[in-house]
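This report concerns only the one structure given below.
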Amino acid sequence: MKGMVIRLSKLRTTIAERRVEAGITQAELAEAVGVRRETIGRLEKGQYNPSLKLAMDLAKILDADIYDLFEFYEEERG
């Protein structure tokens with residue numbers, strides 16, 4: 001579809017910043033919420049969309065509002 005602009009929703013997070021502020025490692029955060037360290041790494045890079053439960057668990061552990069941890073934005077391609 002030549003000339004068509006496609007808008008894709010992308011995920012941006014503040015997990016890494018809040019994790020560092022809390023003084024915990026990716027491995028420690030992963031253990032606290034019951035996932036692998038690699039999952040935390042992917043979340044921090046915006047490469048993984050968490051389940052609602054995981055998002056809520058992360059917010060609780062990081063003492064943050066879920067809306068402060070995650071933001072969706074649109075990226076245009078085309």
Side-chain angles (χ1 to χ4, degrees):
M1 303 197 171
K2 195 173 184 179
M4 180 180 222
V5 175
I6 299 172
R7 297 180 197 279
L8 302 173
S9 289
K10 302 286 277 182
L11 179 66
R12 183 179 303 140
T13 75
T14 60
I15 295 170
E17 293 89 348
R18 292 183 179 270
R19 176 182 58 74
V20 170
E21 287 173 5
I24 59 178
T25 66
Q26 285 183 342
E28 291 168 333
L29 181 56
E31 184 176 339
V33 296
V35 299
R36 296 174 54 209
R37 184 200 53 79
E38 293 82 3
T39 301
I40 298 300
R42 290 181 62 214
L43 275 165
E44 290 181 351
K45 293 176 187 172
Q47 298 174 340
Y48 179 80
N49 292 336
S51 67
L52 179 57
K53 181 187 181 322
L54 177 55
M56 292 177 75
D57 288 347
L58 288 165
K60 184 175 181 179
I61 295 296
L62 295 172
D63 192 30
D65 188 281
I66 197 167
Y67 296 105
D68 293 331
L69 285 184
F70 300 98
E71 174 190 8
F72 281 96
Y73 66 99
E74 290 187 351
E75 180 181 85
E76 290 186 4
R77 289 196 183 162

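Residue numbers run from 1 in the order of the sequence given.
- In terms of the salt bridge (Lys or Arg N to Asp or Glu O under 4.0 Å) criterion, Arg42 has no residue partners (sequence neighbours excluded).
- The shortest non-hydrogen separation linking Leu54 to Tyr48 is CD2-CE2, 4.1 Å.
- With contacts defined as side-chain heavy-atom distances shorter than 4.5 Å, the pair Leu58/Ile40 qualifies.
- Under the salt bridge (Lys or Arg N to Asp or Glu O under 4.0 Å) criterion, Glu28 pairs with no residue, sequence neighbours left out.
- Cluster membership for Val20 and Ile61, using ILVMFWY side-chain heavy atoms within less than 4.5 angstrom, is not shared.
- Here Thr13 contributes atom OG1 and Gln47 contributes atom CD; the two are 10.5 Å apart, rounded to the nearest 0.5 Å.
- With values rounded to the nearest 0.5 angstrom, Leu62 atom CG is found 5.5 Å from Leu29 atom CG.
- Residue pairs meeting the salt bridge (charged side-chain N to carboxylate O under 4.0 Å, His left out) criterion with at least one member in residues 15-26, sequence neighbours excluded, are Arg19-Glu44.
- For residues 56-69, the set of pairs meeting the side chain to side chain donor-acceptor pair (under 3.5 Å) definition, not counting sequence neighbours, comprises Lys53-Asp57.
- Closest heavy-atom contact between Leu69 and Ala55: CD1-O, 4.5 Å.
- Interatomic distance, CD of Gln26 versus CD of Glu38, reported as 9.0 Å (0.5 Å rounding).
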